[in-house]
Amino acid sequence: MSRIRVLVGTRKGAFILRSDAGRKKWEIDGPHFVGWEVYHMKGSPIDPDRLYASQSSAWFGQIIQRSNNGGRNWEQPGTPPGEPLTTPEGFPKGESNKFVYDASSATGKPLTTHQWYDGTQRPWEFKRVWHLEPSLTDPDTVYAGVEDAALFRTVDGGKTWQELAGLRGHGTGPKWQPGAGGMCLHTILFDPGNPRRIYTAISAAGAFRTDDAGLTWKPINRGLKSEYIPDPEAEVGHCVHRIAMHPARTNVLYMQKHWEVLRSDNAGDQWQNISGNLPSDFGFLVEVHAHEPETIYVVPIKSDFAHHPPEAKLRVYRSRTGGNEWEALTNGLPQEHCYVNVLRDAMAVDSLDECGVYFGTTGGQVYCSPDGGDHWTPIVRDLPSVVSVEVQTLR
Amino acid sequence: MIHVRLPYHLQTLARISADIDLEVAGPVSPNTILNALEERFPMLRGTIRDHITKERRPLIRFFACAEDYSHLPPDTPLPEAIRSGAETFIILGAIAGG
């Protein structure tokens, strides 16, 4: 019997929602890490009870947490190699929150500055981990997208982290700049058929691809147009909010940019606008159906100034044609007086035969549709503001 | 013995629920207290001051005997009342937000 586990990160803690395959009765577990921001949680694809969580605070910085039993218990994994796992008093040791940019000469071209809001150059400064992406093949290997934008990796279960400095070092870093939410690396996609290929996306720099397992990177932003930068078609500087991919068709990418929804059919080498009949092409997320690579979802938001749904109606839009033709999905969603936002990491799908779609809002609701978006029901209504939603299908 | 009080968030991280008593070797200053604190509770490394530079995180404050030591050099000697344990060295999060 399959089960579903939904991992919800919020501004004030983490929650784990559990259900059987019916997806009607839910156990609500939490808050974990109460009072801390949890930007993201995600499980290992090959060891689903191994979870990783990014716990952070503007006051106290970054903490990495790990669970080996599906989120029932958590630990900070960091212990320097060769040392005992605990202090003499029995407390766990921790270096797992140590994210230090690689400025060594061995990595070739370590950049030291990026563009600030006023156009001046600022040094890179670590703030938090936005996104954790566990390896497809090794439960101890995890990639972390951080603010200020960079990519880190652990190969020891989160105990220590090293930067893949080639991304910051490929030459365009001085043109990267923060969006309103900060200069964050928020998307990491692995190509299941090609372990040397990884996609990332940064706000506001753009999308990038490596074909040599992270050693070197290239911007993949051709076709993007952004009126808020001096050259609207520049190589970098675009505020990409999210990219998504179906694991069975990894050359096709979907993107929600600051404004515009786009797709690429050649691994990001060229993008085309697929916003079509959306009521607004501003938004934060894009997601792909688990079994239908041409079925995609977005949640339109009115504008970058008004962070709420158009006409105050919360609508998920679905395209079954890979974009351009969109239908509003409203059954069970509030259609008046709704002023919530849905953030970039806050939608996910399960892989049951009838694909379930889940999303969380800044109003604290987590919605589930067990039928691909046709009908929606809130699992919970009053959590803290939801930052991220991930789903595990447990068999 | 030095009495140290942590903010709630760091108490949960360190898995404690009360003030801490610390042995501090040598001169007693914010720096030496933090050294002893991080030695005993390694999970607090990076949460009060930077891993590498050891600079205080911007929204952390240090209070001793009703005085703010946050903006003084971290090796500033602390008062006798802290050294003797009569008063508590307080680490707290600055007020921010609404």
Side-chain angles (χ1 to χ4, degrees), chain A residues 11-14 31-38 53 55-66 73-80 83-104 123-129 146 152 158-161 163 385, chain B residues 1-2 4-25 30 33-63 68-71 74 90-98:
Chain A
R11 295 284 182 199
K12 289 292 179 185
H32 300 269
F33 325 123
V34 63
W36 291 74
E37 291 184 305
V38 178
Q55 170 191 359
S56 68
S57 150
W59 286 262
F60 310 115
Q62 178 66 47
I63 304 293
I64 293 292
Q65 298 276 0
R66 186 180 75 190
N73 303 97
W74 294 88
E75 62 183 5
Q76 287 175 259
T79 301
E83 290 189 11
L85 290 171
T86 58
T87 67
E89 292 84 7
F91 295 108
K93 290 185 173 180
E95 291 287 303
S96 59
N97 57 339
K98 193 172 182 178
F99 288 81
V100 179
Y101 293 109
D102 184 349
S104 67
W124 247 267
E125 180 184 309
F126 176 80
K127 310 248 182 4
R128 60 176 59 82
V129 172
V146 313
F152 282 76
K159 294 174 185 173
T160 59
W161 296 84
E163 186 190 2
S385 180
Chain B
M1 197 70 77
I2 309 296
V4 178
R5 183 170 303 156
L6 293 177
Y8 169 77
H9 289 66
L10 297 187
Q11 288 187 19
T12 58
L13 198 63
R15 302 181 191 178
I16 59 172
S17 56
D19 292 353
I20 306 157
D21 290 335
L22 284 177
E23 292 281 5
V24 176
I33 290 177
L34 293 178
N35 290 343
L37 182 69
E38 291 176 354
E39 181 67 25
R40 182 164 159 197
F41 300 98
M43 71 285 281
L44 297 180
R45 291 174 186 162
T47 63
I48 300 169
R49 55 183 182 172
D50 185 84
H51 275 289
I52 306 299
T53 66
K54 304 300 183 188
E55 285 186 20
R56 174 181 55 82
R57 291 184 57 80
L59 295 177
I60 296 288
R61 297 289 180 266
F62 304 137
F63 292 173
D68 186 353
Y69 282 74
S70 311
H71 304 290
I90 299 170
I91 301 171
L92 75 165
I95 292 174

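So that the names make sense, note that chain A is the first sequence line, chain B the second, and so on, each numbered from 1. Small disclaimer: the values here were computed from a predicted structure and weren't measured.
- Here the shortest heavy-atom pairing between N97(A) and H51(B) reads OD1-NE2, 3.3 Å.
- Between I52(B) and K98(A), some side-chain heavy-atom pair lies under the 4.5 Å cut-off.
- One distance of note links CE of M43(B) with CD of E75(A); it measures 11.5 Å at 0.5 Å rounding.
- For F60(A) against R57(B), the heavy-atom pair with the smallest separation is C-NE, 3.4 Å.
- Residue contact with chain A, scored on non-hydrogen atoms closer than 4.5 Å, involves the side chain of P7(B) exclusively.
- When heavy atoms are compared at a cutoff of 4.5 Å, Q55(A) approaches chain B solely by way of its side chain, counted from C-beta outward.
- Here the side chains of V34(A) and Y8(B) are in contact, with some heavy-atom distance below 4.5 Å.
- Residue contact with chain A, scored on non-hydrogen atoms closer than 4.5 Å, involves the backbone and the side chain of L13(B) alike.
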